[in-house]
Amino acid sequence: MATRRTRTERDRSRRVLSQNFLADPAAIARLVRAARPDPDTLLLEVGAGRGQLTRALAARCRHLVAYEVDPSAAAELARVCAIVPNATHRQADFLTAVPPAEPFDVVGNIPWSLTSAVVRWCLVAPGLRAATLLTQAEYARRRSGDYGRWTRLTVSTWPEFGWRLVGRVPRTAFRPVPRVDAGILRVERRPEALLSPATLPAYRRMVELGFDGAGGSLAASLGRRYPGARVAAALRAARLDAATPVGHVWPEQWLVLFRLLHAR
């Protein structure tokens, strides 16, 4: 009979926290290149682990604040930060952190079970310039439209944020090895929003209306709030068939629909 492997405290912590540490130097370099930090950047690293990315990121930015909640990993991270003059260690839950008042970027090989929560934190942080996150490949592909479909979150935030899949990392680059590959997702605040701040709430309400599925089609959903003839004309202008599934409507087409439906 095979001997059953005894799980250590570190093994159990990794499972609870969804921790898969980057072990491949090429993958680390790929993520750093995708983040594009510059010497004037304040950088927050989320899920810093034992500091695999920390040194490389700190070498490219003005100051790095590395967050790691797991005590066993954070102890090693603290030793790394102690010898990197512009890096600060935080043994804390990143999701409870108060966003800096000054502009900043976020980078991280984040715990995959917390992906949605980390993304939400980034989107509501006023000073965020860009977030470069290593996520499950499927999540990165869905959010960036790589499947040819677009999610509600991506569309609703599109006037303010661009979403891109900027790289992929094979599962073999991690320890322990996860079941799936990873994608590098970059969420970047636009220098100037595509809609005025005053119109953003109305745009988001229109997107919610379109995605809620009531009515059986995008035209029928939008027709519950806007005149049918106006909806039909806007769909034609956006080059959309009335039967197009809502997820196949590009973010740019949503903007066309909004401008036409709200034209004075």
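The first residue in the sequence is number 1, and the count goes up from there. Just the heavy atoms: all of them, side chains too, but no hydrogens, waters or symmetry mates, feed the values below.
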How close do [X] and [Y] get, counting heavy atoms only, and between which atoms?
X: Pro159; Y: Ser156; result: CD-O, 3.8 Å
X: Leu185; Y: Ser144; result: CD1-CB, 4.3 Å
X: Glu68; Y: Ala48; result: OE1-N, 3.5 Å
X: Asp212; Y: Ser221; result: OD1-OG, 4.0 Å
X: Ala23; Y: Pro25; result: O-CD, 3.4 Å
X: Thr132; Y: Ala35; result: OG1-CA, 3.4 Å

Evaluation steps, side chain to side chain contact (heavy atoms under 4.5 Å, CB included), between Tyr67 and Val69
CA-CA 7 Å; Tyr67 286 85; Val69 70; over 6 Å; no

Close side-chain approach of [X] to [Y], heavy-atom, < 4.5 Å:
X: Leu43; Y: Val107; result: yes
X: Ile110; Y: Phe94; result: no
X: Arg230; Y: Leu261; result: yes
X: Ile184; Y: Arg30; result: yes
X: Leu53; Y: Glu45; result: yes
X: Leu240; Y: Val256; result: no
X: Pro100; Y: Leu42; result: yes

Apply side chain to side chain contact (heavy atoms under 4.5 Å, CB included) to Leu128 and Phe104, showing your working.
CA-CA 5 Å; Leu128 179 88; Phe104 66 95; 3.8 Å; yes

Just to verify, what does [X] make a ring-ring contact (aromatic ring centres under 6.0 Å, His included) with, not counting sequence neighbours?
X: Phe161; result: none
X: Trp254; result: Phe211
X: His262; result: Tyr226, Phe258

Given side chain to side chain contact (heavy atoms under 4.5 Å, CB included), test Phe174 with Leu134 step by step and report yes or no.
CA-CA 11 Å; Phe174 298 89; Leu134 196 55; 3.6 Å; yes

Determine which pairs satisfy side-chain hydrogen bond (donor to acceptor under 3.5 Å, both in side chains) with at least one residue from residues 81-100, sequence neighbours left out, and list them in order.
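Output for this query lists His63-Thr88.
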
Take a 6.0 Å sphere around CZ of Arg55 and say whether it holds more than 12 heavy atoms from other residues, nucleotides or ligands.
no

When hydrophobic residues are tied together by side-chain contacts of less than 4.5 Å, even through go-betweens, does [X] share a cluster with [Y]?
X: Leu95; Y: Leu77; result: no
X: Leu257; Y: Leu260; result: no
X: Leu200; Y: Leu222; result: yes
X: Val249; Y: Tyr147; result: no
X: Leu44; Y: Val84; result: no

[X] [atom1] to [Y] [atom2] distance, which is reported to the nearest 0.5 Å:
X: Phe21; Y: Asn109; atom1: CZ; atom2: CG; result: 8.5 Å
X: Leu114; Y: Thr135; atom1: CG; atom2: OG1; result: 12.5 Å
X: Cys61; Y: Arg36; atom1: SG; atom2: CZ; result: 15.0 Å
X: Leu133; Y: Thr115; atom1: CG; atom2: OG1; result: 8.0 Å
X: Arg179; Y: Asn20; atom1: CZ; atom2: CG; result: 11.0 Å
X: Thr199; Y: Arg259; atom1: OG1; atom2: CZ; result: 8.5 Å

According to the salt bridge (charged side-chain N to carboxylate O under 4.0 Å, His left out) rule, which pairs have a member within [range], sequence neighbours left out?
range: residues 142-155; value: Arg141-Asp146, Asp146-Arg168, Arg152-Glu208
range: residues 155-165; value: Glu160-Arg204, Arg164-Glu188
range: residues 124-137; value: Asp38-Arg129, Asp105-Arg129

Holding to side-chain contact (heavy atoms from CB on, under 4.5 Å), I want the full list of residues that pass it with Ala242, two or more places apart in sequence or in another chain.
Ala219, Leu235

Please identify each residue that fulfils side-chain contact (heavy atoms from CB on, under 4.5 Å) with Ala27, with sequence neighbours left out.
Leu22, Asp24, Val169, Ala173

Test ring pair (Phe, Tyr, Trp, His ring centres under 6.0 Å) applied to Trp158 and Tyr203, Trp250, Trp150, the passing residue
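In the set Tyr203, Trp250, Trp150, the residue that makes a ring pair (Phe, Tyr, Trp, His ring centres under 6.0 Å) with Trp158 is Trp150.
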
Inter- and intrachain pairs under ring pair (Phe, Tyr, Trp, His ring centres under 6.0 Å), touching residues 35-59, at least two apart
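Sorted pair list comes back empty.
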
Taking salt bridge (charged side-chain N to carboxylate O under 4.0 Å, His left out) as the definition, give me every residue that meets it alongside Glu102, ordered by chain and number, with sequence neighbours left out.
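Checked Glu102 against salt bridge (charged side-chain N to carboxylate O under 4.0 Å, His left out); matches are Arg62.
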
Donor-acceptor contacts under 3.5 Å from residues 118-127 side chains, at least two apart:
from, atom 1, to, atom 2, distance (Å)
Trp121, NE1, Ala97, O, 3.1

For a side chain to side chain contact (heavy atoms under 4.5 Å, CB included) check, start with the C-alpha distance between Val32 and Arg60, then their side-chain angles and the critical distance, and finish with the verdict.
CA-CA 9 Å; Val32 172; Arg60 302 277 295 276; 3.4 Å; yes

